[in-house]
Amino acid sequence: MMQSLTLRMRRTSDLWNRFSRRNSSVIGLLGAVFFLAVALFANWLAPYGRLEMGLSFQPPSPDNWLGTDSLGSDVLSSIIYGAQTSLLVGFCAVATSSVIGVVVGALSGYYGGMVDNVFMRITELFQMVPQFFLAIIIIALFGASIWNVIFVIGILTWPSTARLLRGEFLALKQREFIEAGRSLGMSDFDLIMREILPNALPPVIVNASLQISGAILLETSLSFLGLGDPNVMSWGMMLNSAQEYFNRAWWMAAFPGLAIFLTTLGLNLVGDGLNDALNPRLRT
Amino acid sequence: MSLGLYLIKRCLYAVPLMIGAIVLIFTLVRLAPGNPVDYIVGEMGADPVVVARLMADMGLDQPIHVQLFAYVRQILSGDLGYSFVSNAPVSMLILDRLPATLLLMVSQLVLSVIIGVALGVMSARKPGASLDNSITVFSLAAFAIPVFWLGQMLILVAGYHLSWFPMQGMINFRARYSGWEYALDVAYHMVLPVTAMTLLNLALIQRLTRASMIEVLGQDYVKVARAKGLKESTVLIRHALRNALLPVVTVIGLEFRSLIAGAVLTETVFAWPGLGRLTFDAIGTRDYPLLMGMFLFICVLVIIGNLITDILYALLDPRIRYA
């Protein structure tokens with residue numbers, strides 16, 4: 001017990017050493033943690049309530065640090081509430097896509113043959129289809145609730161996970177320890193879940209971390225086109241309404257976009273750092 | 001295998017994908033709440049007799065597999081249906097707007113390939129040097145910027161505050177230009193949207209070129225070329241780059257659909273009268289036939305894009321054809 005704990009700790013500190021080799025990864029992690037904290041404590045951090053409105057088109061001032069929008073809402077508060085939406089969409093959408101991708105990838109890689117053939121044709125279809133337009137149509141047809149948006153992003157982004165995991169499974173299932181497990185009479189389910197999957201996960205984790213920022217950008221793009229959930233604040237929606245008022249309120253467009261930029265940049269840097277830490281083989 | 005036979009094989013490969021896309025969209029529309037007639041009669045409702053006749057007209061009273069078969073046949077024959085809003089054929093509406101979008105996409109693709117490959121080669125020559133590091137920082141930043149926000153900022157700075165470029169649209173309607181003046185006017189309006197799209201796309205191309213150049217520059221045949229005393233530029237371009245470009249071409253082909261998505265968002269920001277604007281308006285009016293037609297049409301564009309990639313690939317690497 002003690003021994004495995006120290007072993008685990010050593011592995012964690014190893015991981016951290018490799019992750020922190022680049023300053024950019026650490027900066028990215030700080031940015032991502034900041035974003036996470038803002039989203040989690042939004043209700044305490046936002047200077048104004050969700051429905052509080054004052055004068056419209058106020059430029060940045062001590063009262064409204066980032067100005068107010070066309071309806072008189074505080075831009076800073078809206079950005080803070082928007083962080084919640086982005087966080088929710090980013091994590092839930094990637095969780096959905098990872099679950100689908102892991103199931104499809106594991107089954108096709110493990111069983112091969114017909115199962116693999118069918119799953120890979122479906123994967124290819126999803127990789128060819130213009131995701132963005134499919135998302136537009138699904139949301140236009142089924143309604144723009146936040147859960148629909150999450151679900152759509154999830155079902156459109158799983159193919160890369162599936163392909164990655166399938167490749168890992170194809171390589172791992174040939175190894176001796178799997179043969180050993182099989183000859184001990186382990187069931188397929190146990191072999192997949194307990195032997196292969198834990199070894200195949202690192203690239204999937206890296207991929208998932210890079211997908212979070214993609215999911216956030218996709219949600220922002222959809223709500224920019226007016227397909228976001230009208231009941232929650234989102235950065236894309238803020239940019240959508242800023243579009244009409246360039247000549248009156250530059251702050252309406254500048255700050256929400258900056259929030260998207262910094263969040264995505266931070267998450268991407270964390271993903272790159274994780275890539276270095278977990279996949280030393282793939283380093284260029 | 002000859003190049004022609006190889007291409008025919010690739011074309012045949014596209015047919016099941018296209019049918020898959022049609023089945024997918026058909027299934028989605030059938031899964032959605034309500035049926036197509038509801039969208040036509042609207043929320044006010046209509047006489048049941050009228051509804052029944054509309055259902056029969058649209059073939060909705062037939063069994064589902066008959067409907068699906070008819071739909072696949074209709075789409076494959078090039079008929080994308082009629083727009084709810086303007087009642088014009090969807091294919092006509094799309095073809096009408098296509099040139100404006102292609103103009104943006106081709107310009108930005110050409111620019112970003114030229115600049116991106118050049119920057120990639122430059123940064124691969126000395127990895128880790130200050131030039132390489134600053135290019136890397138730039139491309140990391142470019143990956144994180146949403147294209148529509150970049151467009152908005154360009155409009156705000158270069159259009160609104162500095163008045164260097166027109167803020168929106170494709171032509172100056174008041175001036176009534178023709179001939180050369182017209183072309184120049186369009187080019188003038190294109191500067192900002194093309195800049196926004198190029199900046200983002202060239203980052204991707206730069207990163208790919210850099211990675212694959214670094215790999216290729218370590219190969220024996222590059223050392224041989226250097227040992228033969230060839231000029232550095234000949235080694236870099238004739239020997240290394242030609243091979244390094246293969247993965248770059250593949251990824252550009254795969255990214256084709258996100259190029260179109262980027263074009264849609266950019267056009268929305270710049271009020272560019274192309275497919276993006278058409279999509280945006282169709283979303284606003286919930287014009288389902290138009291949205292579905294756009295989706296299928298873009299599937300075809302993606303397939304064509306992939307074919308072009310295959311041709312380029314086969315031209316760059318003769319081994320492909322024999323594989």
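A, B, ... follow the sequence lines: proteins, then strands. Residue 1 opens every chain.
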So with a 6.0 Å cut-off around CZ of A/R248, is the heavy-atom count from everything else above 12? no

State whether the number of non-hydrogen atoms from other residues, nucleotides or ligands found under 6.0 Å of B/E215 atom CD is greater than 12. no

Go through [options] and name the one with the most non-hydrogen pairs under 4.5 angstrom from chain B.
options: A/L262, A/T264, A/N268, A/N240; result: A/T264
options: A/G226, A/P256, A/A254, A/G236; result: A/A254
options: A/D272, A/I139, A/L267; result: A/D272
options: A/I136, A/L269, A/I260, A/L134; result: A/L134

Specify the closest pair of heavy atoms between A/T96 and A/G154, including all atoms of both residues, with the distance to one decimal. CB-CA, 4.0 Å

Nearest atoms (heavy-atom pairs only) where B/S139 meets B/R207: OG-CG, 4.0 Å

Segment of [X] engaging chain A (4.5 angstrom heavy-atom cut-off):
X: B/Y160; answer: side chain
X: B/L150; answer: neither
X: B/F143; answer: both
X: B/I283; answer: side chain
X: B/I25; answer: side chain
X: B/A141; answer: both

Engaged part of [X] at the chain B interface, taking heavy atoms whose separation is under 4.5 Å:
X: A/S213; answer: neither
X: A/L227; answer: side chain
X: A/I138; answer: side chain

Give the member of [options] that has the highest number of heavy-atom pairs under 4.5 Å with chain A.
options: B/L265, B/T279, B/L31, B/L301; answer: B/L265
options: B/V302, B/L28, B/I155; answer: B/L28
options: B/V264, B/I214, B/N306; answer: B/V264

Decide yes or no on ring-ring contact (aromatic ring centres under 6.0 Å, His included) for A/F255 and A/W250, but give the supporting numbers first. CA-CA 9 Å; A/F255 295 121; A/W250 57 269; 5.7 Å; yes

Ring centre gap for A/W251 and A/Y245 strictly below 6.0 Å: no

When the aromatic ring centroids of B/Y71 and B/F26 are compared, is their separation below 6.0 Å? yes

Identify whether the distance between the nearest side-chain nitrogen and carboxylate oxygen of B/D132 and B/R210 falls below 4.0 Å. yes

Return the orientation label for the A/F224 and B/F148 ring planes: parallel under 30°, perpendicular over 60°, tilted otherwise. parallel

Answer yes if the side chains of A/D69 and A/S241 hold a donor-acceptor pair under 3.5 Å, and no otherwise. no

